[in-house]
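Please read all numbers here as calculations on a predicted model, not as lab measurements.
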Amino acid sequence: MTFLEKLFHWMVLIGLLLLFGRVLTLIFRFMNRPFPTFFKDYSIPSFIVLIVGVIGSEVIKSRNKGK
């Protein structure tokens with residue numbers, strides 16, 4: 001695995017974890033339970049990390065397929 005391939009896989013993993021945190025925050029807000037707002041405050045950067053990770057992984061995968 002190249003460095004970029006590992007980086008993109010980690011970005012996807014981190015983006016998915018942040019997405020799960022945002023969903024969990026939303027659930028707790030609807031139940032009127034206190035929950036840290038960390039995931040709500042950083043929603044745009046986590047979307048960017050997830051999108052870049054997914055696009056990068058797909059580009060690396062298609063490039064490796066062509067070899």
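- A distance of 8.5 Å separates NE2 of H9 from CD1 of I60, quoted to the nearest 0.5 Å.
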side-chain contact (heavy atoms from CB on, under 4.5 Å) assessment of F20 paired with L16: CA-CA 6 Å; F20 176 72; L16 287 174; over 6 Å; no
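- Atom OG in S46 sits 11.0 Å away from atom CD1 in I14 (nearest 0.5 Å).
- A pairwise comparison of heavy atoms in M11 and V49 identifies O-CG1, 3.4 Å as the closest pair.
- Scanning both residues, L50 and V12, for their nearest heavy atoms gives CD1-O, 3.8 Å.
- In this structure, CG on L19 lies 6.5 Å from CZ on F47, to the nearest 0.5 angstrom.
- Residues I51 and V59 fall within the same hydrophobic cluster, defined by Ile, Leu, Val, Met, Phe, Trp and Tyr side chains chained together at heavy-atom separations under 4.5 Å.
- L24 CG to L17 CG: the interatomic distance, rounded to the nearest 0.5 Å, is 12.0 Å.
- Using a 4.5 Å heavy-atom cutoff, the side chains of R22 and T25 are not in contact.
- Shortest non-hydrogen contact noted between S57 and F8 is OG-CB, 3.5 Å.
- Summarising the geometry, atom CD1 belonging to I55 is positioned 9.5 Å from atom CD belonging to E58; distances are rounded to the nearest 0.5 Å.
- The side-chain heavy atoms of L7 and W10, taken from C-beta on, include no pair separated by under 4.5 Å.
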